[in-house]
Amino acid sequence: MIYLQLAVPRTLFSLFTYKSDVAVPIGCRVHLSFGTSDIIGVVMGISETPPLDVPLHKLKPIGPVIDEKPYWNQQTLELIRFISRYQHAGIGAIIDLAQPVALRKGAPATRRKLKGFRLADPDVAPKNPQQARIVEALKVQPLSVQECRGMNLSMSAVSSLIRRGAVESFDLNGMEMDIYADLRFSNRLELNDEQRQAVDAISAAVGTFKVFLLQGVTGSGKTEVYMQAIEKALKTRKQVLVMIPEIGLTPQSIARFHSHFNVPIAAMHSALTDRERLDNYLSCRDGRVGILIGTRSSVFTPFKDLGMIIVDEEHDQSYKQQDTCRYNGRDLAIYKGKLASCPVILGSATPSLETVANAANGRYVPLRLSRRAVANAGKVQTEIIDLKGQSLESGLSPRVLTLMEEELKQDHQVLVFLNRRGYANQVICPACGHVLQCDACDSYLTYHKYNHTVNCHHCEQVREMPDRCPKCGAGGLYVHGNGTEQIEEFLRQRFPDYPSVRFDRDTMSSPQKLRDSLAGILNNEYRILIGTQILAKGHHFPNVTMIALLNIDGALFSNDFRATEHLAQLYTQVAGRTGREEKNGLVALQTYVPQNIVLQTIVGQGYDAFCQQCLAERRYLNLPPFTHQVLLRLESADRARVHQEAVALHGALKRYAENFPGVELGSPYQALMEKKQNKYHMLIMLQSAVRADMLKFIANIDTFLEDKKISTGVKCYVDVDPTEILQ
Ligand code: ADP
Ligand code: ZN
């Protein structure tokens, strides 16, 4: 009898032992009966000696085996084991997260057939010009149906060549293929000195593990450094992973890679079908993809021979998954690079303070691009507008409106940035003062005018706007506060001659919509751009000469110590959207606290100065990156119970913590939004100046938490290196 340890797709930490007549290799999927359900487990261990902790007669046999051999390579399994260990998340849950949905559902781990054509008789005499073109093309290489169409080859001529026995169709995917044969690089730019130094440093590291921080102001030409660094990796016949933030992955950004390289390029993101994701995943594993471009979860993709990882906009918060399995795609990318012995390049105009500190202490190699790459780039100035005593219209001050008008009259474009979508963020009863609230969350409902609904932006609940107050029944509910929708409405009335476009999740519902709107901006059809985060990143709008930044004061007074860092990043990124070509740019920033010292530093002295100040402050206050934090997150639908269990857990940990003088244990606190999606949340913070002390402390925490869950129903998650500490 063989005993298999199986990971199951549940949040549980443990592996489960099943028995089997045959050995199933590690990494293979098998059907299992688990409790009352049929699930798919993955073999993580195999032994011939029976387990000690389970009576033999209780062991169940496995069901049908899905894979004959594992579809993961050793490195991917190692990465999964690492994250499970490091984040204290169940290995089954990580596996669930790490693989394409199709595999989770039990689909065979095989690539789709891809119909292609090749020359069967190289001496064939073509009978017409169309056939001649086909024969010429196939002499160079076999082609897929799609490629034939792309080259405008006649499919009927292909058919007649097949009938003559000169051409045969076959499965391109089953064919041996050298993706690096005939490697060509196009559209290279002449590098400036700083770019050259960066490319040289990275090139020298190809084949070894080394982490680089490529810090370059917006427009300094980081992308060109990536491109020429990628060349070096491809030349050593190795694959490249390029990670980009969720909303940075546009068809344009992928097209940019196609215009440089003739290797197969694949993308990995949520808009693909299950089948496409599986194909791309397996193609990377089989070495059929030269460059994979993807969002955070692409870090789990297995590669046949990975030679370089690039993490663009490394500071972006979308790299951290905030769900039950909280991992940081950027940090995992570094571990993946270590496993593959390849360089990892973290690029940003505004690197996170963790990364800045790691570059300062020598763990990462700092590379700088200090100037905009285009010779006659414009200058950017910032005007801080004091809102005190001003009367605002839809949140806009008279000064901002005047500045906008001046720019618009000169045929320029203006971008208005506000990180709040919807029309108004409060709906209030004039009779009793009740503010409409979500019943599943501790949050106010936002009014959306276009469909006359009230929405919760935390649980995505959408309801029709009520006529009457749900509390006292009075009519005449009014709205307060403003979001992007209202600002757009106001600006349309105020500047009727200048067409506007709004970029937020409500208006940019499809990639097509996004493409059309971006095109409309580039051809100057839209003159006023209003948007949330989506507009802050990556795009290059040459005619935008002014940016209005609204509603940033909250970040200056937040209890989250990272809020000012995020503001500094946002300001710097947004400011980078303007002054890109010879035109000068203006940032108009509205605030009630123009003298605020942090704001003054960010605007007056720039991101580097801000980082130095902020790091000094964090060091003084013993905050990350100078300490290591772990947040224990408890959640339950029962409020009293989650409070009770948080106190009990804290008590137990307090006794345990006596053995670890290096670890500070905080008192339990409730999340800022205590109730979210009908669950109540309590938090316990652990902090230590020495990472090793922290790791020792939490090493044995799993079984403890799991017991708690089983006995009380309160779920507890471990969030290592949390980036959200109030929620
Ligand atoms: P970043 O990614 O740092 O924001 P980009 O890579 O988008 O900057 O570069 C900004 C602009 O500068 C692009 O239009 C790019 O083509 C141009 N550029 C980059 N490097 C060079 C160079 N060495 N010579 C001339 N133009 C360059
Ligand atoms: Zn809600």
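When a ligand or atom number is given, it counts from 1 through the structure's own listing order. These figures come from a predicted structure and were not determined experimentally.
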Original post:
Around Gln381, counting heavy atoms of other residues, nucleotides and ligands shown, do more than 12 lie under 6.0 Å from its CD?
Top reply: no

Original post:
Given Lys222, Glu224, Arg256, which one has a non-hydrogen atom that is nearest to atom 7 (O) of ligand 1?
Top reply: Arg256

Original post:
So, does Val217 sit close enough to ligand 1 that a heavy atom of it is under 4.0 Å from the ligand?
Top reply: yes

Original post:
Taking both backbone and side-chain atoms of Gly216, is any N or O found less than 3.5 Å from an N or O belonging to ligand 1?
Top reply: no

Original post:
How would you list, by chain and number, every residue that makes a side chain to side chain donor-acceptor pair (under 3.5 Å) with Asp439, sequence neighbours excluded?
Top reply: Arg463

**OP:** May I have all residue pairs that pass side chain to side chain donor-acceptor pair (under 3.5 Å) and include part of residues 422-431, sequence neighbours excluded?
**Re:** Tyr423-Glu489

Original post:
Does a donor on one side chain and an acceptor on the other come within less than 3.5 Å for Glu645 and Ser636?
Top reply: no

Original post:
Is the shortest N/O to N/O distance between Gly221 and ligand 1 below 3.5 Å?
Top reply: yes

**OP:** Classify the side-chain pair Thr723/Gln322 by whether it contains a donor and acceptor separated by less than 3.5 Å.
**Re:** yes

**OP:** Kindly confirm or rule out an N or O of Thr218 lying under 3.5 angstrom from an N or O of ligand 1.
**Re:** no

**OP:** Pull out every atom of ligand 1 sitting under 4.0 Å from any heavy atom of Glu190, numbered as shown with elements.
**Re:** 22 (C), 23 (N), 24 (N)

**OP:** State whether a side-chain donor-acceptor pair under 3.5 Å links Asp316 with Ser318.
**Re:** yes

**OP:** Give the atoms of ligand 1, by number and element, whose distance to some non-hydrogen atom of Leu191 is under 4.0 Å.
**Re:** 23 (N)

Original post:
Listing by chain and number, what protein N/O/S atoms are under 2.8 Å from the Zn ion (ligand 2)?
Top reply: Cys438 SG, Cys441 SG, Cys456 SG, Cys459 SG

**OP:** Could you tell me the separation between the CG atom of Asn455 and the OG atom of Ser443, rounded to the nearest 0.5 Å?
**Re:** 10.5 Å

Original post:
Any salt bridge (charged side-chain N to carboxylate O under 4.0 Å, His left out) pairs touching residues 511-529, not counting sequence neighbours?
Top reply: Asp411-Arg527

**OP:** Give a yes or no on whether a salt bridge exists between Glu724 and Lys320, defined as a side-chain N under 4.0 angstrom from a carboxylate O.
**Re:** no

Original post:
Is it true that Glu460 and Arg505 make a salt bridge, defined as a side-chain N closer than 4.0 Å to a carboxylate O?
Top reply: yes

Original post:
Which of the atoms of ligand 1 are close to Ala373, meaning less than 4.0 Å from one of its heavy atoms?
Top reply: 12 (O), 18 (N), 19 (C), 20 (N), 21 (C), 27 (C)

